[in-house]
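A quick write-up on the structure given underneath.
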Amino acid sequence: MVPRAHSSLYGRVGLFVCEERPEMADKYIPQEIEPKWQARWEKDDLYRSAPPGAKPKYYILDFYPYPSGEGMSVGHARNYVPTDVLARYYRMKGYNVLHPMGFDAFGLPTENTAIKLKTSPHLLNERYSANYVRQYKLMGLSYDWSRLINTAHDDYYRWTQWIFLQIFKSWYDPRKNAAAPIADLERELSEHGSQAIFDYIDTHAEAVGVATKDTPPVTAQQWNGMNRRERNDYLMNFRLAFRAESVVNWDPVDKVVVADEEVEGGRAWRSGALVEKKVIRQWFFRITAYADRLSDDLDTVDWPEKIVKMQRNWIGKSEGAEVKFEIGGGNLHSPVSDHITVFTTRPDTLWGATFMVLSPEHPLVSEVTTPEQRAAVEAYVAFARGETDEQRTAETKEKTGVFTSGYAINPVNGARIPIWVADYVLMGYGTGAIMAVPAHDERDFAFALKYGLPIIPVIDRPERTAKSLVFPSSVREGFRTELEKAGIEFYAAPVGNVGEGLYVTLHGDEQIDGYVTLMRSFLQPNNWNEIVGAKWLFVFDDSASGGGVQALDSVEADRRILQRCKAIYPPVRDNRTVMEMLNHLPFYRDVLFHAEYGRMINSGSFTGTPGDVARQRVTTWLTERGVGKRRVNYKIRAWLISRQRYWGTPIPIVHTPDGEEALDESELPLRLPDVEHYEPTATGESPLAEIRPFVETPRGRRETDTMATWACSSWYYMRFADPHNDQAPFGQKEIAYWMPVDMYVGGAEHAVMHLLYSRMWTKVLYDLGYVPFIEPFKALRNQGLILSPQKRMDEKGHEFYEKMSKSKGNVITPDEVVAEQGADALRGYEMFISDFEQTVPWSTSGVPGVRRWLERVWRIVLAPEEDRGQPTEFSTRELRRVAHQTIQKYERDLLNFGFNTVVAAMMEFTNALFKARDAGLAGTPEWNEAIDILLRLAAPIAPHIAEELWSRKGHPYSIHQQPFPVVDEAAVKEDEMTIVVQVNGKVRDRIQVPVRAGEEAIKQAALASDGARRFMDGKPPRQVRYVPGRLVNIVV
RNA sequence: GCCGAAGUGGCGGAACUGGCAGACGCGCACGACUCAAAAUCGUGUUCCGCAAGGAGUGUGGGUUCGAUUCCCACCUUCGGCACCA
């Protein structure tokens, strides 16, 4: 086994030792031992999971990859190595471990490559995934390869289709709060009609998502009079997998519809193209029905807080009320509806609703528009429709809108408020119409300022700050002195170019009232002064008629006040509202608007209602009067699953004359046909549409859309439990034993989509009785990204590291690292590189560092007699202590995902062994025990070298079937401890004391220490504090 | 703007519950071995200071005998969301 290339390096020692103990003399050559053991493990099927049994199970899963032609980089291994270490650890701890791998094989990149290379995606899939398997094996990962999954194989997607059908054949019964067979719904409709269901939805705010919006009610009689086609169409409003016409995001580059989740900043996630709007009939999953459970059940999982937040945010639950506004004023009598319903989370601000805004797509826009405004409104609606999402959401975009000239009646005070159309109101959220409360909503505030709409505060500022600007020469002499006397905060500064004014800030109602009194007596004739913020008061000169203090408490007051101001001070004549006038003064800007909860004001009989109960009380009152009710709203939309592409799971539906119908389960799998061409069609239809034998069936035209890959990945983790079952997606025994996944590890980029979809499928399958758990992934962890090792500079001179990518030519592959340094060194460095969750650049000098550690392990195990260093003091007791302390630290850190410190602990242990050797301990029983522990601890991290050394030490194969070492608590205990002596919190000395020493003795020893005496300077200790086992702090 | 994470040597990073800041590794310096180099081994390596000593965990405050750790305010970087009523 003398290596060829290394013989010259090796010569001296090799020749000498080879003759006597050839096995001891070998150098560590991973390139030889790694393939050898990998072949042996594979032959012996060493990592195969046992069938469900009495043993406790541990299911540890990596996010399965999308296999690409580029293969893996060292960045991908950041995910796979730590989970492999855990899998190996749990096996040694006696668990039956499930650690499988598979491929998310369907999807666009492969299809696009196939089109470009004029080859078949089937072929590419096989090639790519085989390459991945090769790379995985190269790294010595202990997957159970007998469970390999490929989602593009028909023995897998058959069951994806099967689950699709179960979802298609279900609806969400809000009364059971669970999915139920669609047949139950049909029965109910034929016996009782839809009344009970809609009544329930109406009175249970959380149930909004169970049926398509605006589904018409039917009576039993109507239902029974429907033909099959009409019934099928009606049921689509309830099915959990349904087809509906909708505006979708169209990616003109990939020629495919993409989901909301796949659009980032108006651009398609994969292709980067600006998405366009298109109306197509599409397949969806009714994930909205599960919104509440998806949100609530997040409480039951051990996931990173960040991911939980992102999911909750995506679901976007908000509680509020729905309020009906009568359409009125003028001669408008709508034949469609006599009211507009708005959704608000702030029913407590209803009295401040001074206008209403409809989304440009709102069906009542043309109803409320008067003839004279029609042209303007239609032009605006056309403009809004033409906008891309990106334009519409552009950050700096100023609000736009147009008045319809129609009015609505605010139900709480009968006020007649104008109805506007503006694109800042989205049709897809709430009811597509809002009541605008400009005093307490930032968007409405901006809009009202721009268009001169009145802004009336109806919620008190919780912090009682008010401001007042005293205009130059608007008050009599002595006012300033009075302010000072009253302790009021103010400063003097020029007001524009009209002279020096006083900028007053008031705190608390008492001070404000005092200020008003003062102002009333000092205000000069033909002047006014305003107090804004905590109170909204205008003090006018009393001598004029109707003078005194006016409050800005209504639209009428706004008009009155403004009129008087204009009369007194003409420069303000162009202002349309008081708020607009105040907004011109920068001094006031931070007190004009607030969105906090607070005491209701200017709200009729509700004035004075405290902020914490206001919402609730108003909602109850609205409900009693029949003009509103509690309502919960979710941001989450139906999950778009259709793709008009070839390379995906075919949707098992036939379009019959009677509507969309399910394939019979016996017809599954519905295979993807082999075809010559699979370029997207010009029309945007799936290429499958052009394959007549596929499309044409005796029952009707086959659905030609395929499913997005999110469907495949929504259940693959369940298939691993029983991957070869051809009777069902999985056996009951297997799923109950293995699921849920105990530890799921992957990148944070799937925080919303994959994890949310998987959770929904799990809940549907749970409701239908196929699985016994409500959450699929008990614990989740995200690994950090690995960046390229090269530092770059951006235009501003900031240094940064870029992501590894083939196009940038900076990819480092596991292949090259393994070839150079071996898989064990790569594994060690993947763990050691950084904190697991941290994004970090790859370091090319890091792997050799770990390699050196492995070399040291090799030497200390095989040839402890060589190269003795300086003799040291090291007892057998200490050796045992280090060994057992290492076991402790290793387990504690490993279970906390502290992989880097696990490796560090192993390095320290190895260093200690060298010291022990120098002290002459090699060969003692304690030494042999320590070496045994070292190898067992190394096994999960560096499985090849551990196996090789284990075998060379004469132990029976395999180390990977050995139990994990058990901590000897007695050995761990120290006999002596080092106590730090501090004087006034600064370390001044260290003393050695026996562990058993009492507190008093230790304190005395500390006081007597040289360091302490020197720094106490002869002063008596004021306090002596002892922290057990750690330190003594002497305070003087 | 909102939400989240993080700021510690030349670098990656440690420090479990408030108790020795800088474990472990990289890099660097010096030394040993060598004709020499590589490899290996040893020693040192936060900063200032010859030293005694002092300063020091993004900044400024606070709590405490004692703060990288807790509290308040702020700055910077990264990630996510973004007109969601």
Side-chain angles (χ1 to χ4, degrees), chain A residues 6 9 264-265 304-310 312-314 316 318 320 342-346 349 357 392-395 397 399 422-426 428-437 440-444 446-447 595 633-636 748-749 751-752 784-785 798 800 828-829 832-835 837-850 852-853 855-856 859 866-870 889 892-893 896 898 900-908 910-911 914 978-987 989-990 1014 1022-1036:
Chain A
H6 297 75
L9 302 172
E264 287 170 359
E305 191 53 28
K306 173 178 131 174
I307 305 288
V308 170
K309 280 257 164 66
M310 281 167 75
R312 286 231 162 87
N313 190 34
W314 187 266
S318 53
V342 302
F343 171 71
T344 177
T345 55
R346 295 295 303 268
T349 64
V357 186
R392 196 164 166 160
T393 58
E395 204 175 333
K397 193 190 167 209
K399 296 208 167 17
D423 65 359
Y424 80 90
V425 175
L426 311 173
Y429 185 80
T431 61
I434 60 154
M435 59 175 213
V437 184
H440 306 290
D441 180 282
E442 208 174 348
R443 295 150 301 178
D444 298 344
F447 192 80
N633 217 0
Y634 301 92
K635 276 201 272 186
I636 194 169
E749 67 274 14
V752 176
L785 222 58
H798 292 300
F800 70 101
Y829 185 59
F832 191 60
I833 184 167
S834 172
D835 183 83
E837 288 167 17
Q838 212 70 44
T839 294
V840 67
W842 184 257
S843 159
T844 45
S845 57
V847 183
V850 176
R852 276 197 278 277
W853 166 59
E855 305 261 10
R856 284 164 63 77
R859 280 204 317 274
E866 288 174 25
D867 296 326
R868 288 282 286 268
Q870 299 293 309
K889 185 168 166 50
R892 194 191 68 202
D893 290 359
N896 284 322
N900 52 345
T901 53
V902 169
V903 174
M906 288 297 284
M907 288 171 166
E908 281 182 84
T910 309
N911 293 346
F914 273 84
T978 307
I979 297 292
V980 166
V981 180
Q982 295 183 336
V983 177
N984 290 336
K986 287 213 167 78
V987 180
D989 210 340
R990 268 150 239 241
R1014 195 142 54 88
R1022 217 176 59 208
Q1023 194 186 121
V1024 180
R1025 193 173 291 253
Y1026 173 60
V1027 183
R1030 292 191 187 272
L1031 56 74
V1032 175
N1033 188 17
I1034 302 162
V1035 188
V1036 295

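First the proteins, then the strands, lettered A, B, ... as listed; each starts at 1.
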What is the pairing partner of [N], taking Watson-Crick or G-U wobble pairs with both distances under 3.5 Å in any strand?
N: B/G60; answer: B/C72
N: B/C28; answer: B/G44
N: B/G66; answer: none
N: B/G22; answer: none
N: B/G1; answer: B/C81
N: B/C16; answer: none
N: B/A38; answer: none

For a quick check of understanding: with a heavy-atom distance under 4.0 Å over all strands, which category does [X] fall into, base, sugar-phosphate or nothing?
X: A/Q982; value: base
X: A/R856; value: sugar-phosphate
X: A/D835; value: sugar-phosphate
X: A/S843; value: nothing
X: A/V1035; value: sugar-phosphate
X: A/G849; value: sugar-phosphate
X: A/L1031; value: base

Nearest 0.5 Å please: distance from the [atom1] atom of [X] over to the [atom2] atom of [Y].
X: A/L1031; Y: A/D989; atom1: CG; atom2: CG; answer: 13.0 Å
X: A/T349; Y: A/H440; atom1: OG1; atom2: NE2; answer: 7.0 Å
X: A/E855; Y: A/T910; atom1: CD; atom2: OG1; answer: 12.5 Å

Could you work out which one of [options] sits closest to the side chain of [X]?
X: A/N911; options: B/C65, B/G25, B/A85; answer: B/G25
X: A/T901; options: B/G13, B/G27, B/A14; answer: B/A14
X: A/S834; options: B/G13, B/G19, B/C83; answer: B/G13
X: A/M907; options: B/A21, B/C26, B/C24; answer: B/C24
X: A/R852; options: B/G12, B/U40, B/C65; answer: B/U40
X: A/N1033; options: B/G66, B/C24, B/C41; answer: B/G66
X: A/E908; options: B/C41, B/A23, B/A21; answer: B/A23
X: A/T344; options: B/A21, B/C83, B/A85; answer: B/A85
X: A/V840; options: B/G13, B/A85, B/G25; answer: B/G13

Inter-nucleotide [atom1] distance ([N], [M]), Å rounded:
N: B/U40; M: B/G13; atom1: P; answer: 25 Å
N: B/A29; M: B/G18; atom1: P; answer: 42 Å
N: B/A5; M: B/C50; atom1: P; answer: 45 Å
N: B/C78; M: B/C16; atom1: C1'; answer: 27 Å
N: B/A15; M: B/A23; atom1: C1'; answer: 8 Å
N: B/A14; M: B/A6; atom1: C1'; answer: 16 Å
N: B/U69; M: B/U8; atom1: P; answer: 14 Å
N: B/G9; M: B/U45; atom1: C1'; answer: 10 Å

Indicate yes or no: at least one non-hydrogen side-chain atom of A/R856 is less than 4.5 angstrom from one of A/N911.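 With C-beta onward as the side chain, the pair touches.
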
Starting at the 5' end of RNA chain B and moving along, which residue's nearest nucleotide shows up first, A/V850 or A/M310?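 The residue mapped nearer the 5' terminus is A/V850.
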
Starting at the 5' end of RNA chain B, which residue's closest nucleotide do you reach first, A/R892 or A/K306?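 By nearest-heavy-atom nucleotide position, the 5'-most residue is A/K306.
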
Does the plane of the ring in A/Y829 sit parallel, tilted or perpendicular to the ring in A/W842? Use 30° and 60° as the thresholds.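 A/Y829 vs A/W842 ring planes: perpendicular.
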
Whole-Å gap separating [atom2] ([N]) and [atom1] ([X]):
X: A/W842; N: B/G12; atom1: CH2; atom2: P; result: 16 Å
X: A/I833; N: B/G13; atom1: CD1; atom2: P; result: 8 Å
X: A/D423; N: B/A82; atom1: CG; atom2: C1'; result: 15 Å
X: A/D893; N: B/C24; atom1: CG; atom2: C1'; result: 12 Å
X: A/K309; N: B/G4; atom1: NZ; atom2: C1'; result: 7 Å
X: A/F832; N: B/C26; atom1: CZ; atom2: C1'; result: 8 Å
X: A/K635; N: B/A85; atom1: NZ; atom2: P; result: 7 Å
X: A/W853; N: B/C26; atom1: CH2; atom2: P; result: 13 Å

Compare side-chain N and O positions of A/N313 against OP1 and OP2 of B/G80 and report whether any pair is under 4.0 Å apart.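 For B/G80, neither OP1 nor OP2 has a side-chain N or O of A/N313 closer than 4.0 Å.
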
Kindly say if A/S318 contacts the phosphate of B/A85, meaning a side-chain N or O under 4.0 Å from OP1 or OP2.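 For B/A85, OP1/OP2 do have a side-chain N/O of A/S318 under 4.0 Å.
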
Side-chain (A/R1025) to main-chain (A/V1035) donor-acceptor, under 3.5 angstrom: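 Not at all, since once roles are kept as given, no pair shorter than 3.5 Å links the two residues.
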
Go through A/I434 and A/D444 one step at a time and tell me if the side-chain contact (heavy atoms from CB on, under 4.5 Å) criterion holds. CA-CA 10 Å; A/I434 60 154; A/D444 298 344; 3.5 Å; yes

Is the glycosidic torsion of B/G31 within 90° of 0, making it syn, or is it anti?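 Anti.
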
Got a sec: does the CD of A/E442 have more than 12 other heavy atoms crowding it under 6.0 Å?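 Counting neighbours around CD of A/E442, 12 or fewer heavy atoms of other residues, nucleotides or ligands fall under 6.0 Å, so no.
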
Check the pair A/K635, A/N313 against side-chain contact (heavy atoms from CB on, under 4.5 Å), reporting the backbone distance first and the verdict last. CA-CA 8 Å; A/K635 276 201 272 186; A/N313 190 34; 3.6 Å; yes

